[in-house]
Amino acid sequence: MLSGRRLDLLDPTPMDIEIDDIAHGLAFVARWNGQTRGDFAFSVAEHSLLVEQIFGQLNPGCDPRWNLAALLHDAPEYVIGDMISPVKAALGVEYGEMDARLAAAVHRRFGLPVALPAPIKRRIKLADRVSARLEAVQIAGFSAAEVARLFPLPETGMVGGLQIRLRQPAETRAAYLARHHQIMNEIDRAA
């Protein structure tokens, strides 16, 4: 890692995890395999910021640890990349297990439970789907009909009004780090 840490992908530990490495890696990993409109790829870091924003709007006043979990929901992709769901499925359980080990190390590093409570996990997944739907329409070239079929959502009231913002990786990395720092301060104040 750029921080100088060495990360064993098969046996990651919380001591190997640095937020600067996560933010940097995610800012340079493209969602949608880079097949999006705009001058910059829509990065996993930008997606994570959007998911956390949506999660916060859908769950006002929740424990800030769950906002942190939303921000970090795709953190393992800083080292294993972002793959579209059909590829993940084709790779099988080994990919899922590696992802789970990395996620567990990230969670432990930042004081989150290894296994998130099921209701929180479902709420983060909903925010993730809302984000995917917005991304599909706004930057990935999907029609409204395709999106309704591929990304069905309960009525959340959140799909309208949010705009995808494409930024240079360095700007996105800084925004990700700033939001992480802000949430960690909120967690400290709540303790």
Ignoring hydrogens and angles, tell me if any N or O in the side chain of Glu146 forms a donor-acceptor pair with the backbone of Ser143 under 3.5 Å.
yes
State whether the side chain of Arg5 and the backbone N or O of Ile17 hold a donor-acceptor pair below 3.5 Å, judged by distance alone.
no
Which atoms form the tightest heavy-atom contact between [X] and [Y], and what is the distance?
| X | Y | value |
| --- | --- | --- |
| Ser48 | Leu26 | OG-CD1, 4.4 Å |
| Arg6 | Met1 | NH1-N, 3.7 Å |
| Glu18 | Ser3 | CG-OG, 3.8 Å |
| Ala27 | Ser43 | O-CB, 3.4 Å |
| Ile124 | Val51 | O-CG1, 4.3 Å |
| Pro113 | His107 | O-ND1, 2.9 Å |

Distance from [X] atom [atom1] to [Y] atom [atom2], nearest 0.5 Å?
| X | Y | atom1 | atom2 | answer |
| --- | --- | --- | --- | --- |
| Asp63 | Leu68 | CG | CG | 10.0 Å |
| Leu102 | Asp8 | CG | CG | 9.5 Å |
| Asp74 | Asp99 | CG | CG | 8.0 Å |
| Arg109 | Ile19 | CZ | CD1 | 8.5 Å |
| Leu153 | Arg129 | CG | CZ | 6.0 Å |
| Asn67 | Asn59 | CG | CG | 8.0 Å |

Is there side-chain contact between Arg167 and Leu49, with heavy atoms separated by less than 4.5 Å?
yes
Treating Ile, Leu, Val, Met, Phe, Trp and Tyr as nodes and any side-chain heavy-atom pair under 4.5 angstrom as an edge, say whether [X] and [Y] lie in one connected cluster.
| X | Y | value |
| --- | --- | --- |
| Met98 | Leu91 | yes |
| Ile80 | Phe28 | no |
| Val114 | Leu71 | no |
| Met15 | Phe110 | no |
| Val106 | Leu10 | yes |

Of all residues at least two apart in sequence or in a different chain, which pass the side chain to side chain donor-acceptor pair (under 3.5 Å) check with Gln35?
none
Sequence neighbours excluded, which residues qualify as side-chain contact (heavy atoms from CB on, under 4.5 Å) partners of Gln168?
Phe40
Ring pair (Phe, Tyr, Trp, His ring centres under 6.0 Å) contacts in which one or both residues fall within residues 47-83, not counting sequence neighbours:
His47-His73
If you apply the rule side-chain contact (heavy atoms from CB on, under 4.5 Å), what do you find for Arg31 with Ile139, and how did you get there?
CA-CA 10 Å; Arg31 293 262 302 162; Ile139 60 172; over 6 Å; no
Can you list, by chain and residue number, the hydrophobic cluster partners of Phe151 when the side-chain cut-off is 4.5 Å?
Trp32, Val137, Phe142, Val147, Leu150
Members sharing Val93's hydrophobic cluster, built from side-chain contacts under 4.5 Å between Ile, Leu, Val, Met, Phe, Trp and Tyr, are none
Show me the donor-acceptor pairs within less than 3.5 Å that the side chains of residues 180-191 make with the rest of the protein, sequence neighbours left out.
residue	atom	partner	partner atom	Å
His181	NE2	Asn185	ND2	3.3
Gln182	OE1	Arg179	NH1	2.7

Derivation and outcome, side-chain contact (heavy atoms from CB on, under 4.5 Å), residues Leu162 and Gln53:
CA-CA 10 Å; Leu162 292 173; Gln53 177 187 3; 3.6 Å; yes
Show, in sequence, the C-alpha distance, side-chain angles and deciding distance for Thr36 and Leu166, and conclude whether the side-chain contact (heavy atoms from CB on, under 4.5 Å) test is met.
CA-CA 10 Å; Thr36 55; Leu166 300 176; 5.5 Å; no
